[in-house]
Amino acid sequence: DDLKSLKFMTKCIMETLRLWVIVPNGTFREIEFDDYIKGPSGENVKIPKGTLCQITNYCRHRDPKLWGEDVDVFNPDRDWKDNEIW
């Protein structure tokens, strides 16, 4: 409960973990239903149910489409949502 009352400190910790991830290779997930993604040439590629995919944290946390042009800047004042922090 004390950590929740230290809002700026919590944001600093979250921003530190975003920039310097503990598990850079990410986690694996199993696809729950057949789906399609865009291939390199724009074609639809089927991803069958049960396929294991890896979500790489380092790439996701350094993506300017998700975090803005200042993606490589330490900025604890980012617009964190409550469910992203807790």
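All values derive from a computational prediction rather than experimental measurement.
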Do I22 and L17 have side-chain heavy atoms sitting under 4.5 Å apart? yes
Report yes if the side chains of H61 and D63 come closer than 4.5 Å at any heavy-atom pair, otherwise no. no
Under 4.5 Å between side-chain heavy atoms, hopping through other hydrophobics if needed: is there a path connecting I13 to V23? yes
Nearest 0.5 Å, please: how far is CG in D79 from NZ in K11? 7.5 Å
When clusters are formed by joining ILVMFWY residues with side-chain heavy atoms under 4.5 Å apart, either directly or through shared neighbours, do I47 and F28 land in the same one? no
Expected output: side-chain D34 to main-chain K49 donor-acceptor under 3.5 Å: yes
Looking at side-chain heavy atoms only, is the closest gap between I31 and C53 below 4.5 Å? yes
Taking atom CG of N25 and atom CG of N57, what is their separation to the nearest 0.5 Å? 9.0 Å
With heavy-atom distances below 4.5 Å as the criterion, would you say the side chains of N44 and K38 are in contact? yes
Mark yes when over 12 heavy atoms from residues, nucleotides or ligands other than Q54 sit less than 6.0 Å from its CD; otherwise mark no. yes
Step by step, would you call R60 with I55 a side chain to side chain contact (heavy atoms under 4.5 Å, CB included)? CA-CA 8 Å; R60 184 174 45 139; I55 302 169; 3.9 Å; yes
Go through the side-chain N and O atoms of T16 and R18 and say whether any donor and acceptor fall under 3.5 Å apart. no
All N/O donor-acceptor pairs, side-chain side in residues 69-77, below 3.5 Å, sequence neighbours left out:
residue, atom, partner, partner atom, Å
D70, OD1, R78, NH1, 3.2
D72, OD1, R62, NH1, 3.1
N75, OD1, D77, N, 3.0

